[in-house]
Amino acid sequence: MQMQREQGVSFPPHLISLERIQELADIEETVDGSIRIGALTDLESCRTHPLVRRKCPILSEAIGAIASPAVRNRGTIGGNVLYGVGDAIPVLLALDARLSWFCENGIRSEWINDYLSKQEAPAKAAILTDITVASPVKGRCFFRKIGRRETFVPSVVTVAMYREMTDRHTIKEIRMVAGGGVNTPRRLKMCERELIGKELTDDLIVSLSAGIKEEAALIGDVFASADYRRTVAANLLLAALQSDR
Amino acid sequence: MEKKIRPDGREKVTGRLKYLTDLTFPEMLWAKVLRSAYPHARILSLSTEKARKLPGVRAIITHEDVPALNGFGIVTPDQPVLCKDVVRYVGDALAAVAADSIEIAARALELIEVHYEPLPVLDSPEKALAKSAPFLHPGGNVLHRAGFQKGDIQAAFSQCAKIVEETYEVPRQLHAYMETEGGVIVPEKDGSLTVYVGTQHGFKDRFQLSRILGMPEEKIRIISSPMGGSFGGKDELNIQPYGALLALATGRPVKIHQTRQESMRSSIKRHPMKITMKTGVDQTGRLRAHQTTITADTGAYATLGPAILDFAVEHACGPYIIDAVDTKGLSVFTNNGVSGEFRGFGGNQITFALEGQMDRLAAAIGMDALELRRLNIRRKEDPGPLGQRIAPTNGALEVLESAARVYHAKKQHMPKRSTWKRTGTGLAVTMHGGGLGFGRMDPAGGRLSLTENGKVEIAFGFEEAGQGILAVIEAVTTEALGCKKEDLSIVIGDTAFVPSSGSTTASRGTSMVWHSLQRLKGPFIKQLLQGAAQRTGIEEEELSIGPGGIWKEGRCMLSFESLAAGKEPIVVSTQFDFPVSPDPIDSAHFLYTYSGVVAQVEVDLLTGKIKVTELHQSTAAGPVVNELGYRGQIEGGGVMALGYTLMEDVVMKEGQYATENLDSYLIPGIGDVPFQLELEAIETLPLEDHYGPRGVGEIGTVAVAPAVANAIYDAIGFRVSCLPVKPEAVLQSMERGILHENRF
Amino acid sequence: MKTDSKREETEMIQVSFQLNGEPVQLTVSPVMRAVDLIRNELGQTGTKISCGIGRCGACSILLNGRLAVSCLTLAYQLEGISVETVEGLSDQSAIHPIQEAFLEEGGFQCGYCTPGMVMAAKCLLDSNPKPSEAAIQEAFSGNLCRCTGYGGIIRSVQRACSS
Ligand SMILES: Cc1cc2nc3c(=O)[nH]c(=O)nc-3n(C[C@H](O)[C@H](O)[C@H](O)COP(=O)(O)OP(=O)(O)OC[C@H]3O[C@@H](n4cnc5c(N)ncnc54)[C@H](O)[C@@H]3O)c2cc1C
Ligand code: FES
Ligand code: FES
């Protein structure tokens with residue numbers, strides 16, 4: 001929010017600080033083995049937390065691509081998700097995370113994908129309390145962020161992928177995500193459907209390229225065109241598919 | 001050479017050094033400047049009435065409040081201090097407010113009502129040169145033309161075996177000094193003014209301010225060091241006039257410290273240029289003809305635009321000897337941000353083009369690019385690029401051979417290929433003139449004294465912007481005199497106490513300090529020894545200067561304190577001009593430095609991104625005065641150039657900045673830089689050379705871009721002609737089929 | 001930075017914290033930035049300001065031992081916290097080994113980024129006395145330097161951890 005202030009947007013007349021609510025700032029393992037991350041956990045604690053490192057290293061990696069240590073020490077994971085274009089989002093989408101909200105009428109929970117498709121909280125004045133990632137993570141994960149320099153840079157393209165194979169080398173489950181810049185990261189559901197139940201062949205991979213570019217529908221700006229972003233998203237996802245074939 | 005710690009170091013690493021923007025004074029007010037909302041418009045009305053009513057506002061100034069000349073500019077004062085009728089770019093100032101707090105000043109700016117009539121925006125030199133384009137200045141839209149001709153260019157081209165023609169485009173680069181412009185201006189009781197604002201040339205600021213304020217120069221004192229970086233960017237006036245006018249209006253100290261956004265909007269930048277080069281070689285690889293046209297976007301005002309164009313024209317054939325040369329340059333006014341002085345001074349732009357030509361020509365005739373350079377590069381006694389006599393050195397060939405060795409070594413140790421990455425190595429060389437050039441007033445000077453309290457005081461009108469001039473002064477003085485650093489008191493950056501030394505620009509500081517000491521040391525030592533001889537009764541010839549005082553046969557006979565006690569201070573000063581060529585060719589240089597750069601890059605085939613993995617710079621600039629300073633200049637310059645090559649561009653759309661802060665204007669971070677930067681200092685000079693160490697403030701920035709560009713070609717066969725290198729262009733080139741493997 | 005006029009009537013708030021070990025108590029506007037409090041109210045100008053949006057690290061300080069940018073921290077958020085600035089690392093008689101290393105290896109030129117760099121170095125070396133190349137790159141990823149090209153800074157850090 002302070003970034004908006006520097007750009008000339010005044011603070012709203014009242015600010016409610018949630019910073020002191022301890023319960024919203026811890027990470028724990030739930031009874032079913034999932035990882036529950038309090039929405040106010042700062043990004044750096046989240047990145048370095050042993051539970052995250054051990055059971056969900058891809059999330060650690062993705063958070064490591066956000067800003068710098070000093071900014072991560074203060075920004076929260078919840079804020080990053082609600083900010084709509086946070087770089088933690090692609091991996092959370094690929095891992096099919098759940099969001100829990102505290103509303104007037106109690107606790108509500110939803111898939112992160114459902115929240116992002118409408119981008120509004122389930123109820124007015126709802127507070128995001130935690131983010132849950134199912135664990136152990138069974139399949140393979142992939143994440144990459146591309147910016148205009150190596151680190152500490154807004155993203156141009158972000159991609160993430162989760163993939164599980166059957167014993168017969170066909171794809172059992174796949175979630176592919178593309179985002180970056182002002183583009184809210186989105187699942188590429190049509191492409192995912194194309195792949196389910198299939199064996200990964202070179203031909204299949206190559207044939208997917210156009211589909212990814214189209215479905216990702218990333219828009220551009222003065223620094224990187226839409227076409228570039230879509231091409232890079234496709235290249236990265238396809239290379240990832242190919243490399244762990 | 002031992003590593004010497006800089007005299008200003010301790011204060012810097014402890015955070016105790018007060019920069020001029022850190023100062024506060026009792027009763028101090030805060031000020032802000034209102035800049036234009038439009039890149040080009042007529043001002044229909046300007047009302048400050050509402051703003052004046054805001055509690056806490058102490059003064060508001062507009063063009064009506066400028067007592068004398070409403071204009072500034074180092075050479076031509078064509079930039080209004082406060083605009084009256086027209087605004088020509090979004091950094092133009094209309095009013096300034098001094099208030100009790102920065103918040104009140106900011107709010108007052110919002111209350112100033114300006115009505116504009118937008119005028120056509122000339123946001124490129126092409127538009128500004130169109131017949132229908134309105135004139136931005138009375139003399140039209142061409143600021144300056146420059147050129148150089150030698151030989152019969154048409155005849156020479158007709159004899160070439162191969163001709164390569166290419167148009168190169170280079171961006172508008174931000175200095176991005178970490179300390180934005182600012183400081184405090186204090187009205188003194190006696191009616192004089194003390195200006196605590198960073199600049200590269202205190203005396204020139206004093207002159208410019210006196211012209212604006214209608215106040216004698218003697219009544220203005222400029223304290224101008226230290227600065228948190230400048231790189232050429234603080235040579236022109238920035239906020240000084242506003243602070244001065246407001247301080248005079250209110251009778252109170254006024255502080256201005258521009259935010260990064262304000263700085264981005266109003267500061268000068270490196271000239272974007274479009275350079276077309278057509279170069280021909282004969283069968284044997286000899287360069288025969290070289291034709292260059294340069295179009296520079298100088299923005300709304302002149303500042304040093306003409307000199308920068310002259311410099312680019314001079315360096316168009318770099319260190320190569322070519323029979324026929326035809327260079328034409330044009331510097332054009334536009335409604336874009338003002339372009340001006342920037343480390344490298346036009347050399348970076350032209351070298352990128354020239355060294356790109358060398359690799360292209362070599363490929364065209366199937367010759368090794370190194371061999372082509374070796375064949376054509378200047379030798380010791382060759383004339384300079386404008387045909388003028390220059391200080392003879394072997395620098396050009398030495399840096400080329402050094403770079404060649406590094407190049408071959410790196411080629412032999414290329415990292416293993418990986419599926420989605422390609423590596424390449426590239427090389428480039430350059431030569432770079434120091435000083436302002438023939439026909440430009442380029443005076444220098446210094447003063448050496450033994451003060452009453454027994455300090456050896458060395459004074460220069462140079463400024464410390466981080467480049468390490470203090471360390472240079474310390475090293476050169478202690479070496480020349482034989483005393484120790486504790487004996488010294490260095491005085492710079494205050495027009496009240498220093499002699500005029502000219503500007504701290506054009507890589508001249510180090511050189512001028514050395515030259516001054518060569519002149520000062522003889523008479524100074526003589527006077528000291530004479531005095532000591534009188535005091536001690538020892539023969540003058542037996543005495544010498546040593547640490548702490550006057551020595552004889554390994555023993556200190558008289559401390560500086562005792563020598564100074566009860567005597568008139570001993571003062572020796574010198575005034576002289578920067579050495580220039582004996583040949584009267586306008587703007588031609590005499591002292592040059594040379595650089596050879598080898599870069600290794602890694603290209604990501606999936607994203608088109610380039611990473612510079614290794615950077616080696618060989619520099620020939622005479623003896624190294626201070627190792628840390630030298631290394632720092634070369635490494636820092638190299639990384640600044642790496643940014644220029646890969647990411648830096650002040651993007652403007654219709655005269656408005658698209659990059660407003662360091663989130664969109666990117667400079668290299670630690671992750672973009674090779675972990676180990678390499679360099680080789682070539683210190684040898686011919687025996688007969690008595691010009692001493694040359695400055696290395698600029699040379700490290702000049703030849704990096706073409707080396708990286710040539711490395712990219714080596715990796716993927718893509719010829720870069722436009723900076724910064726866009727990953728998008730890299731990717732497209734691969735899609736066009738330059739690289740077929742591994743494509744989806 | 002814009003402020004709206006309603007702001008003036010907002011109540012001032014009290015904040016107390018430890019600055020370099022000394023207790024500080026002040027009354028501030030709820031929208032004041034920590035960097036302004038430190039530089040302007042307390043006159044400790046070692047902490048610099050350059051971008052104002054968290055993008056350069058010149059204003060880096062330690063909050064309870066963790067690196068933070070003081071331009072994006074509000075003054076009230078310092079309540080009850082231990083704040084360290086560059087001034088806290090040295091006194092008249094001695095400077096911190098990290099500062100010594102910066103001096104000896106040329107980890108600075110204009111010095112404007114240096115306080116932030118020194119704080120980032122302290123934060124790194126406090127938790128990781130023998131950092132790898134990657135750890136160094138990571139630790140300084142939020143701190144920009146325009147002068148040195150980072151070579152001197154890297155050598156300074158390496159020297160500080162070998163001494
Ligand atoms: C210099 C800098 C660099 C950055 N670089 C990156 C980057 O590279 N990648 C990236 O992804 N992000 C980046 N960011 C953005 C940063 O990660 C986000 O600002 C941060 O994640 C937001 O977290 P916050 O806690 O500060 O949220 P805030 O700014 O406090 O909140 C954001 C919004 O969400 C609301 N909100 C926050 N928490 C809750 C909750 N629990 N319940 C309901 N509503 C809530 C707030 O009211 C507000 O509207 C950068 C930010 C800065 C300053
Ligand atoms: S001033 Fe705070 S990060 Fe730049
Ligand atoms: S030393 Fe000048 S910015 Fe780092």
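Reminder, nothing fancy here: chain letters follow the sequence lines and each chain counts from 1.
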- Residues A:R47 and A:E44 bridged, charged N to O under 4.0 Å: yes
- Side-chain donor or acceptor of B:Q173 paired with backbone N/O of B:M640 under 3.5 Å: yes
Side chain, backbone, both or neither of [X] within contact of chain B (heavy atoms, under 4.5 Å):
X: A:S225; value: both
X: A:V157; value: neither
X: A:R144; value: side chain

- Task: Could you go through the salt bridge (Lys or Arg N to Asp or Glu O under 4.0 Å) check for A:K172 and A:E164 one step at a time?
- Result: CA-CA 5 Å; A:K172 184 171 158 207; A:E164 258 178 77; 3.5 Å; yes
- Task: With a 4.5 angstrom heavy-atom cut-off, could you sort out which part of B:P724 is near chain A: side chain, backbone, both or neither?
- Result: neither
- Considering only heavy atoms, which portion of B:D604 lies under 4.5 Å from any heavy atom of chain A: side chain, backbone, both, or neither? side chain
- Query: Can a cation-pi geometry be assigned to B:R270 and B:Y644, taking NZ or CZ under 6.0 Å from the six-membered ring centre and within 45° of the ring axis?
  - Reply: yes
- Query: Quick one: does NZ or CZ of B:R265 land under 6.0 Å from the six-membered ring centre of B:Y657, within 45 degrees of the ring axis?
  - Reply: no
- Message: Just so I understand: if I count every heavy-atom pair under 4.5 Å between each of B:K611, B:K653, B:M647 and chain A, which residue has the most?
- Response: B:K611
